[in-house]
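A, B, ... follow the sequence lines: proteins, then strands. Residue 1 opens every chain.
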Amino acid sequence: MNRANRIEPRTLKGFRDYLPHMMIPRERIIDTSRRVYRSYGFSPIDTPALEYLEILTGKGGEETDKQLYRFQDPGERWVGMRFDLTVPLARFVAQHIGELGTPFKRYHIATVWRGENTQHGRYREFMQCDFDTIGTKSVAADIETALVMHDLLRAVGFEQFRIHVNDRTVLSGLLEKVGLAAHSAPVLRAIDKLSKLGAEKVANEMIATAGATPHQADEILQMVTLTGGNQRVLAALEPLVAGNATGEAGVARLREILAATAAAGVPDGRIVLDVSIARGLDYYTGVVYETFLEQLPKLGSVCSGGRYDNLAGLYTDQELPGIGASLGLDRLLAGMEELEMIERVSTPAEVFIPYFAADQLHAYLRLAAQVRRAGFGAEVYPEAKRLGQQLKYADRRGFRVALVMGENELAENVCQVKLLATGGTSTVSLAGDAADLIAELRRLLAAPG
RNA sequence: GUGGCUGUAGCUCAGUUGGUUAGAGCACCGGAUUGUGGUUCCGGGGGUCGAGGGUUCGAGUCCCUUCAGCCACCCCA
């Protein structure tokens with residue numbers, strides 16, 4: 001094909017290819033989250049990428065409506081691509097709750113699409129790793145959500161992180177007391193920006209967008225800027241919501257969550273009561289969580305969620321409360337990269353077998369099969385090229401070990417085990433189904449990674 | 001969606017007031033070295049200078065449009 005007809009290979013704005021060295025850590029985090037969710041009894045589900053447009057519009061507000069990928073399918077139905085996993089979940093439970101029963105715990109790891117403007121760490125196609133508990137208002141579900149978030153971050157490899165917790169009913173209670181209950185959405189959006197903008201600008205925004213008086217703004221700020229440790233914040237909150245049942249219940253719930261997570265073994269200081277955490281989404285009605293990495297506070301929350309007490313109200317009359325959270329996979333990966341927690345590797349296999357003696361392919365394939373039976377990934381190079389080149393290939397890809405076996409080794413039924421990181425080499429026997437080799441590999445590859 | 005900045009090789013970039021055939025480093029492939037990689041040396045493949053149009057005798061360089069990336073707002077994972 002000549003140059004003029006050639007199609008330029010390119011990807012759409014906000015859509016990405018994932019090369020092996022990015023996909024390997026990505027899959028590792030996905031596998032980790034799957035393992036943690038399952039360890040708490042969350043079950044996997046999946047839903048279609050496309051939904052009837054009417055399912056997706058109306059929930060989530062104007063912004064999401066604008067960002068929705070929508071088109072007519074070949075049958076001229078109006079359809080949309082899911083922009084999160086919560087709305088499909090709402091439809092899913094409304095449709096199937098009869099056969100699922102409650103409480104229903106599910107996780108859903110899948111791609112979503114939003115036609116919004118791109119920015120660093122923000123794309124038009126990205127993956128969400130959600131878990132939710134549907135059909136119970138119990139504080140136990142709130143507590144479990146925090147525990148899952150905690151285990152998840154630790155399983156991925158973090159120790160330096162904090163889960164910030166708040167309860168929107170505390171804010172609602174205060175808004176009722178000061179007389180701003182009718183404007184809660186813009187007030188909450190303003191409060192959510194406190195860490196970014198500072199108290200003064202937040203006050204101005206509340207006055208401008210929510211019609212608050214300076215006095216009202218001041219009262220709200222007084223509460224959301226409380227600091228000084230969980231117990232002290234709780235003690236300070238109580239008088240502020242006193243006499244308002246909604247607010248009092250919220251404070252009690254927060255107190256219970258903090259006590260229970262501590263009892264479950266979450267270290268002191270990991271879970272932080274932060275009254276300024278509001279979460280932008282309108283559908284949260286109770287507890288809200290955000291997780292920050294201590295080394296990268298500016299990265300924003302890497303795992304967030306909260307309680308919504310009428311998830312499926314658009315699709316069914318049955319009241320279905322729930323709580324859930326979502327791992328910010330791309331943001332977390334960006335953070336791990338910045339913290340140099342990601343090893344540059346572009347092979348998922350540990351063991352490299354150079355194709356050395358040109359007429360001995362069968363011997364290499366047999367060796368590789370023995371290594372794989374022991375549970376290791378093994379790759380045989382496809383061409384009998386110069387050994388140096390093959391080792392260079394193995395080194396670049398990030399293999400851990402090379403098994404060198406040429407004429408000499410074959411004659412003695414042994415092979416060299418070469419640790420690529422150091423160059424250190426030992427010779428082991430292949431007798432008896434390569435038992436010595438397998439033992440040596442287990443020893444060398446025991447280290448994590 | 002709004003505003004600003006930036007687009008030269010896979011990556012990071014040089015390229016003089018507009019002037020002949022567009023360069024470097026790294027990366028990639030091959031050789032030096034037909035049995036040992038991450039060092040060195042030599043060679044090679046890769047660019048219609050993001051794309052389209054305009055001004056000009058002449059455009060990588062100036063102008064317009066468009067696409068993409070980055071930043072801020074908005075919103076959010």
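A distance-only check finds no donor-acceptor pair linking the side chain of R162(A) to the backbone of I271(A) [under 3.5 Å].
Evaluation of F356(A) against the base of G35(B) yields no stacking contact (centre distance < 5.5 Å, interplanar angle < 30° required).
Residue contacts shown for L420(A) include a base, since a base heavy atom lies under 4.0 Å away. Residue G388(A) is classed as a sugar-phosphate contact, given heavy-atom separations below 4.0 Å to backbone atoms only. At a threshold of 4.0 angstrom between heavy atoms, the contacts of Y393(A) with the nucleic acid are absent. Among the protein residues, G423(A) comes within range of the nucleic acid bases, having at least one heavy atom under 4.0 Å from a base atom. Residue A421(A) is classed as a base contact, given a heavy-atom separation below 4.0 Å to a base. Counting non-hydrogen atoms under 4.0 angstrom, T425(A) reaches nothing in the nucleic acid.
Nucleotide C5(B) is matched to G69(B) when pairs are restricted to Watson-Crick or G-U wobble geometry with both distances under 3.5 angstrom. Here U16(B) sits opposite no nucleotide as a Watson-Crick or G-U wobble pair (both hydrogen-bonding atom distances under 3.5 Å). Of all nucleotides present, none satisfies the Watson-Crick or G-U wobble test against U21(B) with each distance under 3.5 Å. Shown here, C76(B) forms no base pair; nothing in the strands shown gives a Watson-Crick or G-U wobble contact with both key distances under 3.5 Å.
Under the 30°/60° scheme for interplanar angles, the aromatic rings of Y69(A) and F15(A) are found to stand perpendicular.
Rounded to an integer number of Å, the gap from N117(A) CG to C75(B) P is 14 Å. Rounded to a whole Å, the NZ atom of K385(A) is 15 Å from the C1' atom of U36(B). For the pair L403(A) CG and G37(B) P, the interatomic distance rounds to 17 Å; values are reported in whole Å.
Between the side chain of E409(A) and the base of G35(B) there is at least one donor-acceptor pair of N/O atoms closer than 3.5 Å. Judged by atom type and distance alone, R122(A) reaches the base of C75(B) through a side-chain donor-acceptor pair under 3.5 Å. Not a single donor-acceptor pair, N or O on each side, falls under 3.5 Å between the base of U36(B) and the side chain of Q390(A).
Spacing of P atoms, U55(B) relative to U61(B), comes out at 15 Å, to the nearest Å.
A ring-centre distance under 6.0 Å is not found for Y381(A) and Y355(A).
Between D395(A) and K392(A), no side-chain nitrogen of the basic residue sits less than 4.0 Å from a carboxylate oxygen of the acidic one, so the salt-bridge criterion is not met. Classification of E116(A) and R124(A) as a salt-bridged pair fails, no side-chain N sitting under 4.0 Å from a carboxylate O.
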